[in-house]
Structures are given as structure tokens and as C-alpha cells.
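FYI, the numbering just counts along the sequence from 1.
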Amino acid sequence: MKTYEAYKNSGIDWIGDMPQDWNVSQYKFVSEVQNGFAFKSNLFDKSEGFPILRIRDITSGRISTYYQGKFSDDYIVSEGDLLIGMDGDFNVRWWDKEDVLLNQRCCRIFNKSNADRRFLYYIIPINLQIINDLTYYTTVKHLSSGDINNAKFSLPSLKEQTQIANYLDHKTQIIDALIEKKELLIKKLQAQRQAIINEAVTKGLNPNAKMKDSGIEWLGGIPEHWEVVKFRYKFETTKGLTITKANLLDSGIPCVNYGEIHSKYGFEVNPEIHKLKYVSEDYLDTNENSLLYKGDFVFADTSEDIEGAGNFTHLNSDIPTFAGYHTIIARLIDNSNYRFVAYFLDSITYRTQIQNLVKGVKVYSITNKILKDTFLFFPPENEQDAIAQFIDNKVKKISSSIKILDESIKKLKAYRQSIISEAVTGKINVRDWQPQKLN
């Protein structure tokens, strides 16, 4: 792609030189920012009312909360509105779903006549990342409407903004289609993983094994030499540390918290390869019961959605590790193969039990009683070992394929971002670009 004939210094560090006929502007001159409203959380409901957009919904587009109070139509978001999440990753999205209410910590961007709203859509994430990197150093990033209004960027004529937006629409459509195909393949591999696990931990490896009724109608049949045991007879339980994020350190004893169970290190955690936070060694003297050893399980005791109910991890390392806040620790009291148990706890059969037992409105909570009342299937120990080994081998191949796809997606996303950055800062000249038909 060719460049412009002449450049000048923009005076903006992250842009550097910009085309000679471009100008430096600020968002307040080309757009208006509308902050969301602080709707009363005590009027939120999971099923009835007017759908409300919370900051976590901007990326997913899935609405899980409804508002039952009065509201102004000024805060209704409609299809085609440009939204920004003002905490965390500063997610930017064209809203393409049903009408929703604009909740606090979300904002909507209205463009003025001298800006193409698609050009703003492409340049906003770059500017927000600059704000993030240069201004904030806290654990949770925060953005204000003033940050957006005062942010500077290079601005071409309205005609050229539209041409750049057309070019980026075309290029990103191609890249996004490739990403979508790879993400769909990952979902299929994950479903395959789940099916393999569920079949092995509920039916075993012998397709000709004689079956018997498990004695529990909705659990179905199991091999006749297996036993059905309640959780309470296989585990002893305790709580994780009663701490907050302020207690987490950069050195000390590794600690896994409920947020990491939900987002990063579900199923298994290994401090030798996973980047955990730490807590003070003083807890070894005062909270030994919250220390995990190899083969111990730890459940997140709350979830914001029913799908996350039952999320857990198990320590697959010899390095003692603390369980942090909002967790329940479960330790096997016999010689059962902890790897087999981990796969059973991750199976559809077991997760369905949890989801049928948990209750909640804004969050779904797991208690000791809920865990203790669930049922587990147990074959003889030698069969547990064989099943665990079988699943390990199968899952390893699937995980390897998923990792390759993940890396490919990361590269495509980085390429997408580089194309956007080069176009909106004038590093490439797309004035003469003409679209080619997509296959």
C-alpha cells in the first residue's frame, strides 16, 4: 500500500508524523458522549422488565438483567448505536441487538456533522489503549467521559474519513470471517472434548460392559460394577482464605481465587506454568486449612450466570497453593484417582446436577450442602486410572489443536489492529482504493 506524498509532525507521540493536509482534533469537537444512568440495582431482575445493558454485556451482546423501575427514553440504546465500556478493557461495539437501557459505566457516542461515525469507531479503540497505557496503573482500569472528550487524534477531511472507513469495513470483514470460522471450530472441539469426557466417566471404556440402573432416575444407567456415592462420603470440605484483592502480592505463596477459576484456570491450575498472584507466608501459620495440595479441588462459590455454576479447578502440582476468597476446598478422603474425579466433576452429568441445585437471582451461589448432596460415579481404582489416562490422551490432542487455533486468532486480531492503526493515522494512503468483491 502506498503512502502520502508529504507528512508533518502531528505533535502526538503515538501518531508521530501525519499527512500534510490532516489536522489534529479532539473527540469533543467531533462527537458527544452520553454516560449511562445509575439505575437502582434493587430493581434488577433476571427475567422480567426492560432489558438493561451492563458493562459486561457490551462484548458478549447477551443481556441477562432486566429493570423493573421507571426510566427516561433518553437512555434507551437502539441498534446501530456506538458504545464504550468504561472499565476494564474499554470495549467498543456497534449495538446490534434489541433495545436496552444504558447503565452506568457504559457510554454512547454521538458523532457531529464533521465526522464519519465509522471512522470514529475504528479510531476510538486505539485512543482508549493509549489512555489505558499512559494514564492508569490500577488493577481495574477506569475511563471517564472527560478522558474521551480530551483525547487527541489525527483527522482527515470528511470525504477521506468515509473512504478510510470503507476500506477498513472491507478488510475487517474478511479478517472477521476468518476469525469466526476458527472460533466456531474451537467450539466444536470443546464440544467434542466434553462428549469424550462425559462418555468415559459415566459409561467407562468397555462398550460391552453390563449396565445397571444407577438408582437415580435422571442419572441413568452405569456399568454394573460401579458405585454411586454422594459427594459428602468422598470429600472433606473447608473454605479458602478470607481476603480481598488488597492482600494479593507479587511474591510469597501462590494463591488461586474465584475469578481465576471462572476466567483463566478452570479445571486445573499449576503455579509452575500459570501466572498466579501470591499471599504472605504468614498465612501458613494462621490458615493452614486453606492450603491446597496436589489433587485438591477448589470451587468458585458464586457465579454470575448459571453456566458458570460448578466451575472449579484442581491443583495439578506439588507446589502448595492457597485457595483465595469466595472458594470452597474439597479434598478426597480416600485413594481415588484425583484426575478421574476432576474429569467427572467437569462432565455434563455432574455440571447438570449443580445447575439444578443452585439458586440465585443476581448471582448463583454454591454451598457446602449443595456439593455434599451431589452424586458421583466411581469405578474400581484400576479402571479410574485407565479412564483418566484415556481422557488425558484424547484431551491433549484436542487442547493442542485449540491452542494452534487460538494463536492463529491472536495473529489475525493483531493484523486487524495494525491495518486499522495504519489507516486511521495516515501511514497508508487508501484514497484510490477500490473494493473487490468478496467470494
(message) Please tell me whether Q161 and D116 have a donor and an acceptor in their side chains that are separated by less than 3.5 angstrom.
(response) no
(request) Could you pull out the closest heavy-atom pair between Y325 and I243, with the gap in Å? (result) CB-O, 3.3 Å
(message) Between N166 and R118, is there a side-chain donor-acceptor contact under 3.5 Å, judged purely by atom types and distance?
(response) yes
(request) Tell me yes or no: between the side chains of K28 and N150, is some donor less than 3.5 Å from an acceptor? (result) yes
(request) Side-chain contact test, heavy atoms from C-beta onward, threshold under 4.5 Å: evaluate it for L155 versus F119 and give yes or no. (result) yes
(request) Taking all heavy atoms of D99 and all of E79, pick out the closest pair and write down the distance. (result) OD1-N, 4.3 Å
(request) Can you measure from CD (E32) to CD1 (I148) and round to the nearest 0.5 angstrom? (result) 13.0 Å
(message) When you measure from the side chain of S421 to the backbone of Q417, do you find a donor-acceptor pair of N or O atoms at a distance under 3.5 Å?
(response) no
(request) Kindly say whether K275 contributes a backbone atom to a donor-acceptor pair with the side chain of Y265 at under 3.5 angstrom? (result) yes
(message) Minimum heavy-atom separation for R56 and T65, please, with both atom names.
(response) NH2-OG1, 3.9 Å
(request) Please find out if less than 6.0 Å separates the ring center of F37 from that of Y75. (result) yes
(message) Within the structure provided, determine whether R54 and R105 are in side-chain contact (heavy-atom separation under 4.5 Å).
(response) no
(message) Contact between C107 and Q34 at the side-chain level, heavy atoms closer than 4.5 Å - yes or no?
(response) no
(message) What I want to check is whether the side chains of S317 and E272 have a donor and an acceptor closer together than 3.5 Å.
(response) yes
(message) Would you say that L168 contacts V424 through its side chain, given a criterion of any heavy-atom pair below 4.5 Å between the two side chains?
(response) yes
(message) Within the 4.5 Å heavy-atom criterion, are I328 and F297 side-chain neighbours or not?
(response) no
(message) Under a 3.5 Å cutoff, is there a donor and acceptor pairing between the side chains of D169 and Y122?
(response) yes
Can you give the donor-acceptor pairs under 3.5 Å from side chains of residues 379-387 to other protein atoms, not counting sequence neighbours?
from	atom 1	to	atom 2	distance (Å)
E383	OE1	H225	NE2	2.7
E383	OE2	W226	NE1	3.2
Q384	OE1	N337	N	2.8
Q384	NE2	P379	O	2.9
D385	OD1	N337	ND2	2.7

(request) Using side-chain hydrogen bond (donor to acceptor under 3.5 Å, both in side chains) as the criterion, point out the one residue from D250, N247, N257 that pairs with K277. (result) D250
(message) How long is the straight-line distance from CZ of R93 back to CD1 of I58, given to the nearest 0.5 Å?
(response) 9.0 Å
(request) Answer yes or no: is there a donor N or O on one side and an acceptor on the other, between the side chain of S408 and the main chain of L405, under 3.5 Å? (result) no
(request) Evaluate salt bridge (charged side-chain N to carboxylate O under 4.0 Å, His left out) for D373 paired with K230, printing each intermediate quantity in order. (result) CA-CA 6 Å; D373 285 341; K230 272 198 170 184; 3.8 Å; yes
Throw together a table of side-chain donor-acceptor distances under 3.5 angstrom for residues 233-240, partners on residues two or more places apart or in other chains.
from	atom 1	to	atom 2	distance (Å)
K234	NZ	D334	OD2	2.5
K234	NZ	S336	OG	3.4
T237	OG1	N368	OD1	2.8

(request) Kindly write out the residues that satisfy side-chain contact (heavy atoms from CB on, under 4.5 Å) with D213, not counting sequence neighbours, or none if the list is empty. (result) none
(request) Identify the heavy atoms of S347 and N198 that sit nearest to each other, and give their distance. (result) CB-OD1, 3.4 Å
(request) Establish, yes or no, whether the cationic atom of R351 lies under 6.0 Å from the six-membered ring centre of F267 and within 45° of the ring axis. (result) no
Result block: side-chain N/O donor-acceptor pairs under 3.5 angstrom for residues 391-398, not counting sequence neighbours:
from	atom 1	to	atom 2	distance (Å)
D392	OD1	R339	NE	3.0
D392	OD1	R339	NH2	3.3
D392	OD1	Y343	OH	2.5
N393	OD1	Q389	NE2	3.1
N393	ND2	Q389	O	3.3

(request) Taking all heavy atoms of I319 and all of P271, pick out the closest pair and write down the distance. (result) CB-CG, 3.8 Å
(message) Just by distance, no angles: are the side chains of S78 and D81 close enough, under 3.5 Å, to form a donor-acceptor pair?
(response) no
(request) Could you label the plane-to-plane angle of the F299 and F312 rings as parallel, tilted or perpendicular, counting under 30° as parallel and over 60° as perpendicular? (result) tilted
(request) Can you label the angle between the Y67 ring and the F44 ring as parallel, tilted or perpendicular, going by 30° and 60°? (result) perpendicular
(request) Report the residues that fulfil side-chain contact (heavy atoms from CB on, under 4.5 Å) with A300, sequence neighbours left out, ordered by chain and then residue number. (result) Y258, I261, H262
(request) Kindly indicate, with the supporting measurements, whether the criterion side-chain hydrogen bond (donor to acceptor under 3.5 Å, both in side chains) is fulfilled by T313 and E268. (result) CA-CA 5 Å; T313 193; E268 65 181 305; over 6 Å; no
(request) Kindly compute the distance separating CZ (F322) from OG1 (T327), expressed to the nearest 0.5 Å. (result) 11.5 Å
(request) Not counting sequence neighbours, which residues clear ring pair (Phe, Tyr, Trp, His ring centres under 6.0 Å) with Y278? List them please. (result) none
(request) Give a yes or no answer on whether the side chain of Q355 reaches the backbone of Y350 with a donor-acceptor pair at less than 3.5 Å. (result) no
(request) Would you confirm whether the ring centroid of F377 sits within less than 6.0 angstrom of the ring centroid of F344? (result) yes
(message) What I'd like to find out is whether the side chain of I76 reaches to under 4.5 Å of the side chain of L102, using heavy atoms alone.
(response) no
(message) Would you say that more than 12 heavy atoms from the other residues, nucleotides or ligands in this model lie under 6.0 Å from the NZ of K203, or not?
(response) yes
(request) Please answer whether the main-chain N or O of I306 pairs with a side-chain N or O of S303 as donor and acceptor at a distance below 3.5 Å. (result) no
(request) Kindly indicate whether the side chain of L248, heavy atoms from C-beta on, has any atom under 4.5 Å from the side chain of V279. (result) yes
(request) Indicate the atoms forming the closest heavy-atom contact of Y66 with E48, along with that distance. (result) CB-O, 3.1 Å
(message) Evaluate S60 against D57 for side-chain hydrogen bond (donor to acceptor under 3.5 Å, both in side chains), listing each step before the verdict.
(response) CA-CA 5 Å; S60 69; D57 305 325; 4.6 Å; no
(request) Test D176 against K413 for salt bridge (charged side-chain N to carboxylate O under 4.0 Å, His left out), laying out the working first. (result) CA-CA 8 Å; D176 290 344; K413 288 181 176 179; over 6 Å; no
